[in-house]
Each structure stands twice: as structure tokens, then as C-alpha cells.
Amino acid sequence: MKLDAKSMRYLTGEDFRVLAAVEAGSRNHEVVPTPLIVQLSGLRGGSGVHKSISNLAKINLIARVKNAKYDGYRLTYGGLDYLALNTHQKQKSVYSVGNQIGVGKESDIIVVAASDGSQRILKIHRLGRISFRTVKTNRDYLRNRSTGSWMYMSRLAAVKEFTFMRALRENGFPVPEPIAQNRHTIVMSLIDAFPLRQISTVGKPALLYAELIAMIMKLARYGLIHGDFNEFNILIKEEPSPDAKGKAPAGSEENNDNVRLVPILIDFPQMVSIDHANAEMYFDRDVNCIKRYFQRRYHFTSDEPGPFFAEAKKQLKANPGKRLDVEVEASGFSRKMARELEKYMKEVGVDSDAGERNDSEEDPDENEDDNDYDSSDVEEEQKEDLQESGLESDTQKMKELKVSDS
Ligand code: ADP
Ligand code: MG
């Protein structure tokens, strides 16, 4: 679904308290009974609360569940978005919401601004969405899914991404600056660059290739494997090379030699420890992804085989960096959380961009429409879910919207 922040500024403090009450109730109730919402909101059960409830339902932040034995509501993705956005706004990590620049299988990427006008990225994790193109194989999973699980899994993905991004950043890896995390969202610095996927020519492919392989090896030295190291998750910044000062502007085709391409790594929900049971498979997949891409796109083939997992392990022993896989466990992303998230991502088949993407060279822009699920097999209840989460509505371009100040 797309984030539609336009109702944000019309919501009152009471509305947000009621919304938070539905969220809190969802932890133990699939459908939160209305009296419980009133109680959890801490507001007096007058007409005000009921007015808030009907307001929130009208703008699809909560959904009335009709067939339940009792009258009740559940939180929608939109509702969770608003709660997160409200917190980001209060904590001054987000001031206004701009354009959506990406719709991934399991995330939405939105440009937001801080109060000083500087641009940032809001990444909203949407693990419950799964790929509707594979809805048949995921049907059993969908049937069993509960409100609690998509909220929880999306939050896990956000916590993981934020924790890893922070650890990487603190240790000098070229990643965005992590700014804030709340619920299923993170705020990070905007990297003014295109994904490698959109770079059609590279002046010195050998140089960039070597840098990317060095990054994989350095990650391993710090105990980590990215797990989805591909041309979508590497952003390429163009910087003037040190010896090119005063020459023609960077970026123009003829001046490729005067431009240094600086790779920035993003997208961390699937990172694994180098001690993971399948570490070698993930490591090889990362290396081969880059190899294949450089061969196909830039017709560059490295003279050297590998690097192989055994070398990465050897290097880790000889010259260990800080063990970031251990550090993240201590700083908020436990082994149990890692297992839960990994199991979920496997079940719904979203553990890497590589698994699903269209490999045709003619189609470098991967902005496919995500709405083409096969509805014939989706049960009624799931269809309602889709409607209510906004997935059925069409791609509505967002305008610059100010988030209310209250
Ligand atoms: P997903 O998990 O859906 O693949 P990503 O984190 O890879 O999400 O982001 C999807 C796309 O959004 C990226 O390929 C990139 O184009 C853009 N993007 C993500 N984060 C940033 C950022 N910090 N700065 C600029 N662009 C970004
Ligand atoms: Mg990605």
C-alpha cells in the first residue's frame, strides 16, 4: 500500500490515543472489542471516543470486523503507518512527507523532510504484504496470518535493519546514516545516487568490481554476510576524483575518467552472521550476483576466481574486525528475533530481491506494479484485507503534505 498522509493533520490527540488503544488491544485480540478500545484509550467513554472510532474507521486506519461474535475493530497497515509517523513527528525525525520513490516487495520508500528542510528516507517495512504474484504458494501462510503477525514481523524487519545499519555505520561501512526507528519504519539519510542497476556504463569496471568484492570481504571480516548484495541494493555516488579538480563537471559521459564511483550499501533485513548454518551459500550468492552482473552489463570478467567462503573465513581469523554479528545481538536484535524473522521470510519467499526480479537487460527500471495478484484464489477475508490496506486502490501520486504540528 502507499502511504497516504493527507489525513494526518486532521487527526486530534484523542484520535491518536484511540488509534494507539486499538494497536495495544491487537496484541492480545484479533478483533479488539469496542469497550476494550475505550478502556485502553484512557479516555472517558463518552461520545468523543466513539466519534474518534468512527473517524478512524472512515479513513481506514482501523477496520470494523462485522462477522465477529462481538463488535470490534482491528488496526490496518494505514493505522500502523500513522502511529509510526506521529511518533517520528513528535521526536522530530520527520517533519513533512514527500513522494514515494519505491515500492518493493516488502517495503515502501518515501522521501520525507526534517524541520530544517533536509531530505531523508522513510522506509516502511510491509512484511505481511508478501508477493501477491506467488499468492497461491503462500495461501496457507496467508490463511494463518493474524494482525499480530504482520505487525510483529514488519517491526522485526525494521529493528533488524536499523540495528545493522547503525553497527555498520559506526564501523566505517558506506551505508546511509540511521536516524530513527519506530514500529515497522526507519528513517535514514537520503543518498543522492542511483542504484547500480541504472548505471549503464562504468568507466573502470575493474575498479568498481574490486571495491564491491572488497566490501563483501570486509563485511565477512566483521562477521557478516549481506545476503542480498545485488545491483538494486548498491547505490552509486559520483564524486569528482581527486586528480580531476577544475576539469569538466562530473557526471558527463566523456568525463568518466574524472569521476570516482562510490558504492553505498543499503537494505539489511536479510543479513546473516558468518556463522550461520547456510553462510557459505549466502556468501557465494552475494559474490556470484556481482560477478554475473558485471559480466552481463559491463562485459567485465575478473581474472581471479572467487573469492571463496574459505578465504573469507581465513581472513576473519587472521585479521578480525569487530564481530558485528555478535554486537547486534547485544544491542537489540536477539538471536530469537533473527530466527523468527528468517523463518517468516523463507515461508513467504521474500528473503532476497534476487529471487523474484526480472533479469531481462532491456528492463532496468524495476518499478513494476505490485497490484497484479490473482484474486481468484484469495479468500474473501483476504480480499477485504487487501482493500482495507489500500492495495487495491491505484497508484495515487502523493503531493507534498505537511504533517500537522499538534
Ligand atoms: P527493499 O527491501 O524493498 O528492496 P530497499 O531498502 O532496497 O528496499 O530500497 C528500495 C529502493 O529505494 C532502492 O533500490 C533505492 O533505489 C531506494 N532507496 C532506499 N534507501 C535509500 C536511501 N537511503 N537513499 C536513496 N535511495 C534509497
Ligand atoms: Mg532492496
Sub-3.5 Å donor-acceptor pair from the side chain of [X] to the main-chain atoms of [Y], do we have one?
| X | Y | value |
| --- | --- | --- |
| Tyr70 | Val31 | yes |
| Asp108 | Ile124 | no |
| Ser154 | Trp150 | yes |
| Arg166 | Pro178 | no |
| Asp286 | Gly227 | yes |
| Asn99 | Ile101 | no |
| Ser41 | Arg17 | no |
| Arg120 | Leu190 | no |
| Tyr209 | Ile290 | no |
| Ser189 | Pro176 | no |

Approximate separation, where rounding is to 0.5 Å, of [X] [atom1] and [Y] [atom2]:
| X | Y | atom1 | atom2 | result |
| --- | --- | --- | --- | --- |
| Gln100 | Asp4 | CD | CG | 10.5 Å |
| Ile109 | Leu3 | CD1 | CG | 12.0 Å |
| Glu106 | His184 | CD | NE2 | 14.0 Å |
| Glu23 | Ile37 | CD | CD1 | 12.5 Å |
| Gln295 | Thr301 | CD | OG1 | 4.0 Å |
| Tyr82 | Thr76 | OH | OG1 | 10.0 Å |

Working for side-chain contact (heavy atoms from CB on, under 4.5 Å), residues Met165 and Met188:
CA-CA 9 Å; Met165 198 186 292; Met188 62 182 130; 3.6 Å; yes
I need the minimum non-hydrogen distance between [X] and [Y], along with the two atoms involved.
| X | Y | answer |
| --- | --- | --- |
| Met151 | Ser26 | CE-CB, 3.5 Å |
| Ile234 | Leu265 | CG1-CD1, 4.2 Å |
| Arg297 | Arg197 | NH1-O, 2.6 Å |
| Leu196 | Phe294 | CD2-CE1, 4.1 Å |
| Val328 | Ala167 | CG1-CB, 4.1 Å |
| Pro305 | Lys291 | C-NZ, 3.9 Å |

Heavy-atom side-chain contact between [X] and [Y] under 4.5 Å:
| X | Y | result |
| --- | --- | --- |
| Tyr73 | Leu56 | no |
| Ile186 | Ile121 | no |
| Met217 | Glu311 | yes |

Taking 4.0 angstrom as the limit, do Asp267 and Lys123 come out as a salt bridge?
yes
Show your working on side-chain contact (heavy atoms from CB on, under 4.5 Å) between Phe268 and His226 and close with a plain yes or no.
CA-CA 7 Å; Phe268 311 107; His226 184 272; 3.8 Å; yes
cation_pi(Arg323, Tyr222) dist<6.0 Å, angle<=45:
no
Taking the six-membered ring of Phe164 (Phe, Tyr or Trp), confirm whether the NZ or CZ of Lys160 is under 6.0 Å from its centre and within 45° of its axis.
yes
Decide if the gap between the ring center of Tyr293 and the ring center of Tyr298 is smaller than 6.0 angstrom.
yes
Given Met271, which partner from the list Leu168, Asp325, Leu324 fulfils the side chain to side chain contact (heavy atoms under 4.5 Å, CB included) test?
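Only one option passes, and that is Leu168.
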Yes or no on side-chain contact (heavy atoms from CB on, under 4.5 Å) for Leu261 and Lys237, after CA distance, side-chain angles and deciding distance?
CA-CA 6 Å; Leu261 301 181; Lys237 267 182 111 152; over 6 Å; no
Can you tell me if CG on Asp116 sees more than 12 non-hydrogen neighbours from other groups inside 6.0 Å?
yes
Before giving the answer on side-chain contact (heavy atoms from CB on, under 4.5 Å), spell out for Val18 and Val38 the whole-Å C-alpha distance, their side-chain angles and the decisive distance to 0.1 Å.
CA-CA 7 Å; Val18 172; Val38 174; over 6 Å; no
With sequence neighbours left out, which residue pairs that include part of residues 305-338 fulfil the ring pair (Phe, Tyr, Trp, His ring centres under 6.0 Å) condition?
Phe283-Phe309
Test item: side-chain donor near acceptor, [X] and [Y], under 3.5 Å:
| X | Y | result |
| --- | --- | --- |
| Ser52 | Asn55 | no |
| His125 | Thr185 | no |
| Thr87 | Arg183 | yes |

Stepwise, does the side chain to side chain donor-acceptor pair (under 3.5 Å) test hold for Asp228 with Asn230?
CA-CA 6 Å; Asp228 201 9; Asn230 65 49; 2.8 Å; yes
Determine the sole option in Lys336, Arg339, Arg335 for which the salt bridge (charged side-chain N to carboxylate O under 4.0 Å, His left out) test with Glu329 is passed.
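By the salt bridge (charged side-chain N to carboxylate O under 4.0 Å, His left out) criterion, Glu329 pairs with just one of Lys336, Arg339, Arg335: Arg335.
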Walk me through it: do Thr34 and Asp71 pass the test side chain to side chain donor-acceptor pair (under 3.5 Å)?
CA-CA 6 Å; Thr34 309; Asp71 183 27; 3.3 Å; yes
